[in-house]
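Report on the following structure.
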Amino acid sequence: MNSKSLTSNSKINFKYFSTLMLNGKLPYLLLALIIWIIYFETIDFTFSPLDDPGIIEGRISYLMDFSNLFEVLTTPLEMASASFFYRPILELTFMIDAAMGQGAPWAFHFSNLLFHIITAILFHYFLLLIGTRRITAFTLALIFAVHPTNVSIVSWIPARNDSLLAMLLLSSLISYNRFVQFQSNKHLIIHIGIIAISIFTKENAILIPAILISFHFLILKSHKSILQKPFVGWILIFSMWFIIRQLVFIESDSTLAFKDLGEIILNTPGALVLYMGKMIFPFNQSLMPNIADTPIIPNILMSLLLVAILSFAGTKDRNTVLFGVIVSLSMISIPLIWGTVFGMSNAYEHRIYLPLIGMFISLSRLTISNFIRSSIVISSLIVFIVSFSMISHSRTKVYADKQTFTENLVIESPSLWQTHATRAGYLSDNHFPYLAIDSYTMALTLTNEPNPVKLYYLRGIQYQTVMDYQNALIDYSITSNMDPKFSDVYHNRGLIYLELQQVNEAIAEMTIAIGLESEKSEYYMGRGNCYLKSLEYKLASDDFSSALLIVPEDVEILTNRCVAYYFLEDYESSYQDLRKIEYLGREVNPDLKGKLLKKYNNLDR
């Protein structure tokens, strides 16, 4: 009797919760609030050292200037490894953030957080749209919102590409449903507009039509004739995108190199297991995930669990389960091919964001979702969600600043040369040259690049900084042998020779640098200083004048030319440089100034 009463009360409480708490706007507000609580601290994070410097941090002034908008819309993505990417909508969001925060990182992090909130809300709405029970829809959307795999989506600014694409994918599905429902041109235009924005956000959007077609037949079960207008619209949009992209890359000589077939066959299963395993539970999370540094067994077990659930759990709606699988496979296929066939990147966790959506769509129709009505299951889910939330909140800390980020890069992925090189860059920027040398040395030990030019060059700079000129010259020689047109190497080598009082060798190196790249003021400045050292004042003044044509208000160059003119006894020109230096708010050496004014005042004018 008591047992039946308890069961009855449990059902009443569940029904009360489902009716009162999950109706209207409240579930959306709850999702937003929970995400905010977990991630609000990320707004205070700095820029990261991975991709941020090339895409954002080093271009803040450029991004803040909206007169560059046309150039942003018609050029490839600005980053060292992005020579194949054309993502103007992504860059447009960076411009908006740069303007909103006046270049401060908080604005970029706030947008990342906002995009994740919007995606979770859209996902919940979409689950309800396709007939998912309210409690099931909210539970799955909440697990998606707090899933630890999605930490990088919020905490790492460049990862927003996938949250933007997820927003657009869900919006395209919702808008397509509206079009099929009303079959109006207004809804068709809205839908096609969303598709256009998506393809200019990330190339993976090329597969959205395949998802929409499966949605049309599997979920909406509409007649194929309704598909004709949207299909024509998709063709037009993607044709326009392809033509524009070809024009954008018309001067690019970048080519994709295929990996060996054996290597592709070997790496593909491992990469797929990493992605699939972390969809269930993200064991061994990493800033730069790779097969070598990730224990494969837990991910194999999680992958098998996922396959078993999808294969053997009962369902009365196989179409929706199949649709979810199509979404997951479509959205994981391009990152998988990009990483294994072309060997261009690691299995970054933010790329699981979209496949997760597909997985949860499939899970929404399995009979196991019916057990959410059980009070025991609900209690277990609460514990599970709270645990995921705590893991996610804790995981955000590795993105907090560059020091923490680079430390964890090396700890989590010690076998990758890129992690050590990134750490070395941070150490170099923060004036730890000896530690930077060790990190660059480790990167050189691990790299399989045939010509790691940049690594040798950057280590050479650190040797030069600590005045270990012998090793610096060795690294610079290796660099110039690998890339004879690397002009900075000759300039730096010239500076070393100047320090070693080998002026003629310094002049020869500087001259090579100028011959390779004549628009760098520091090269003329360096050779001018060499001529100054060798008392060749006319040649020195000529080089300083050439440098000032490039940077007319550089006080150091003006001062050096002032000195050269003085020793040439061209006191008029020397005095004019003195006046300009003082006009710019700087002072000349008092002894030189006194002597110059005395000579200048004695001139016959």
Task: Ring centroid separation Y353 to H116 under 6.0 Å - done: yes
Task: F405 and P49, any side-chain heavy atoms less than 4.5 Å apart - done: yes
Open item on the list: If you apply the rule side chain to side chain donor-acceptor pair (under 3.5 Å), what do you find for T441 with D438, and how did you get there?
Closed with: CA-CA 5 Å; T441 301; D438 291 341; 5.4 Å; no
Open item on the list: Cation-pi check for F249 against R245: NZ or CZ below 6.0 Å from the six-membered ring centre and within 45 degrees of the axis, yes or no?
Closed with: yes
Task: R395 bridged to E41 by N-O distance under 4.0 Å - done: no
Task: Distance-only polar pair, side chains of D293 and S415, donor-acceptor under 3.5 Å - done: yes
Task: Modelled atom types, side-chain donor and acceptor of T422 and T406, under 3.5 Å - done: no
Task: Rounded distance [0.5 Å steps], OG1 in T42 versus NZ in K397 - done: 10.0 Å
Enumerate, atom names and distances included, each donor-acceptor pair closer than 3.5 Å involving a side-chain atom of residues 202-211, sequence neighbours excluded.
from : atom 1 : to   : atom 2 : distance (Å)
K202 : NZ     : D162 : OD1    : 2.8
K202 : NZ     : D162 : OD2    : 3.2
E203 : OE1    : R87  : NE     : 2.9
E203 : OE1    : R87  : NH2    : 3.0
E203 : OE2    : Y86  : N      : 3.1

Task: Flag for T132-R365: side-chain donor and acceptor within less than 3.5 Å - done: yes
Open item on the list: Treating E349 as the side-chain partner and S152 as the backbone partner, does any N or O pair qualify as donor plus acceptor under 3.5 Å?
Closed with: no
Open item on the list: Under the ring-ring contact (aromatic ring centres under 6.0 Å, His included) test against F126, which residue among F360, Y176, F215 passes?
Closed with: F215
Open item on the list: Could you report the tightest heavy-atom contact between R423 and V410, atom names first, then the distance?
Closed with: CB-CG2, 3.7 Å
Task: Euclidean distance, L31 CG relative to L26 CG, rounded to 0.5 Å - done: 9.5 Å
Open item on the list: For Y456, give me all partners under ring pair (Phe, Tyr, Trp, His ring centres under 6.0 Å), at least two apart in sequence or on another chain.
Closed with: none
